[in-house]
S.K.: 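Got a structure for you, written out below as structure tokens; questions coming shortly.
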Amino acid sequence: MVSNNESLITGDMLVRYYELNKQKKEIELELAHLKDAFQTYFNQLVGNQKKGEITVSGFKLQRQIRKTEKFHEVETVKRLEELKMSDLIQVIKKPDDTKIKAALDLGLLMPSHLEGCIATSYSPAILVKPVTPR
């Protein structure tokens with residue numbers, strides 16, 4: 001419900017939102033193409049995974065390389081177990097959604113058994129599109 005002190009939704013607002021959203025998608029696509037061109041340029045200039053920098057027409061273009069390291073879970077757990085370092089391994093207990101739903105479908109588990117266990121979240125999404133006459 002809209003109270004008296006709130007502005008109303010107008011056709012102009014919907015048109016503006018629709019047009020801006022369309023432009024946003026076009027801009028994101030163009031940005032992706034430019035980024036690819038920049039990456040290709042730096043790959044050829046300095047090589048893959050190397051920092052680079054150039055200045056053109058008063059603008060500085062830099063490529064930074066961020067390094068992220070993660071342990072390969074299966075291999076690392078196997079190695080730690082071989083080294084008798086199981087204290088360095090996490091044991092994570094979490095519900096298996098697929099199995100719980102199957103148990104509910106089969107009647108092995110009743111919805112009442114899970115009262116207070118289900119967290120529901122909602123996220124609003126806005127969609128504006130032209131209405132095509134039929």
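We use all heavy atoms of the structure for the numbers below, so side chains are in, but hydrogens, waters and symmetry mates are not.
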S.K.: CG/Leu34 to OH/Tyr41 distance, rounded to the nearest 0.5 angstrom?
M.R.: 15.0 Å

S.K.: Going from CG on Asn48 to CD on Gln39, what distance comes out if it is rounded to the nearest 0.5 angstrom?
M.R.: 9.5 Å

S.K.: Same cluster or not: Leu88 versus Leu83, using hydrophobic residues (I, L, V, M, F, W, Y) connected whenever any side-chain heavy atoms lie under 4.5 Å apart?
M.R.: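 Linked within one cluster.
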
S.K.: Between OG1 of Thr40 and NZ of Lys35, what distance do you get to the nearest 0.5 Å?
M.R.: 14.0 Å

S.K.: Applying salt bridge (charged side-chain N to carboxylate O under 4.0 Å, His left out), which residue pairs with at least one partner in residues 84-94 are found, sequence neighbours left out?
M.R.: none

S.K.: Under the salt bridge (charged side-chain N to carboxylate O under 4.0 Å, His left out) rule, collect the residues that match up with Lys70, sequence neighbours excluded.
M.R.: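 Expected list: none.
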
S.K.: With rounding to the nearest 0.5 angstrom, report the NZ to CD1 distance, Lys67 to Ile65.
M.R.: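 The distance works out to 12.0 Å.
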
S.K.: Do Leu14 and Val131 sit in one hydrophobic cluster, given that two such residues count as connected whenever their side-chain heavy atoms are within less than 4.5 Å of each other, even indirectly?
M.R.: no

S.K.: Search all heavy atoms of Ile100 against all heavy atoms of Pro95 and return the closest pair with its distance.
M.R.: CD1-CB, 3.6 Å

S.K.: Mind checking what makes side chain to side chain contact (heavy atoms under 4.5 Å, CB included) contact with Thr98, not counting sequence neighbours?
M.R.: Asp96

S.K.: Answer yes if Val74 and Ile89 sit in the same cluster of Ile, Leu, Val, Met, Phe, Trp and Tyr residues linked by side chain heavy atoms under 4.5 Å apart, and no otherwise.
M.R.: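 As far as the 4.5 Å side-chain criterion goes, Ile89 and Val74 are not connected within one cluster.
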
S.K.: Is the number of heavy atoms from other residues, nucleotides or ligands within 6.0 Å of CE (Met110) greater than 12?
M.R.: yes

S.K.: Are the side chains of Asn43 and Arg63 in touch, meaning some heavy atoms are under 4.5 Å apart?
M.R.: yes

S.K.: In residues 16-30, what donor-acceptor pairs under 3.5 Å come from side-chain atoms, sequence neighbours left out?
M.R.:
none

S.K.: Any Lys/Arg nitrogen of Arg79 or Glu81 sitting under 4.0 Å from an Asp/Glu carboxylate oxygen of the other?
M.R.: no

S.K.: Does Pro111 reach the side chain of Leu104, with side-chain heavy atoms less than 4.5 Å apart?
M.R.: yes

S.K.: Measuring from Lys51:NZ to Phe42:CZ, what's the distance to the nearest 0.5 Å?
M.R.: 12.0 Å

S.K.: With sequence neighbours excluded, tell me which residues meet side chain to side chain contact (heavy atoms under 4.5 Å, CB included) with Asp36.
M.R.: none

S.K.: Compile the donor-acceptor pairs under 3.5 Å between side chains in residues 54-61 and protein atoms, sequence neighbours left out, one pair per line.
M.R.:
none

S.K.: Mark yes when over 12 heavy atoms from residues, nucleotides or ligands other than Gln49 sit less than 6.0 Å from its CD; otherwise mark no.
M.R.: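 No - once you tally the heavy atoms of other residues, nucleotides and ligands closer than 6.0 Å, there are 12 at most.
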
S.K.: Can you list the steps and then say if Tyr122 with Thr120 is a side chain to side chain contact (heavy atoms under 4.5 Å, CB included)?
M.R.: CA-CA 7 Å; Tyr122 301 92; Thr120 305; 3.5 Å; yes

S.K.: Within this structure, what is the NE2-CG distance for the pair His113 and Leu109, rounded to the nearest 0.5 Å?
M.R.: 6.5 Å

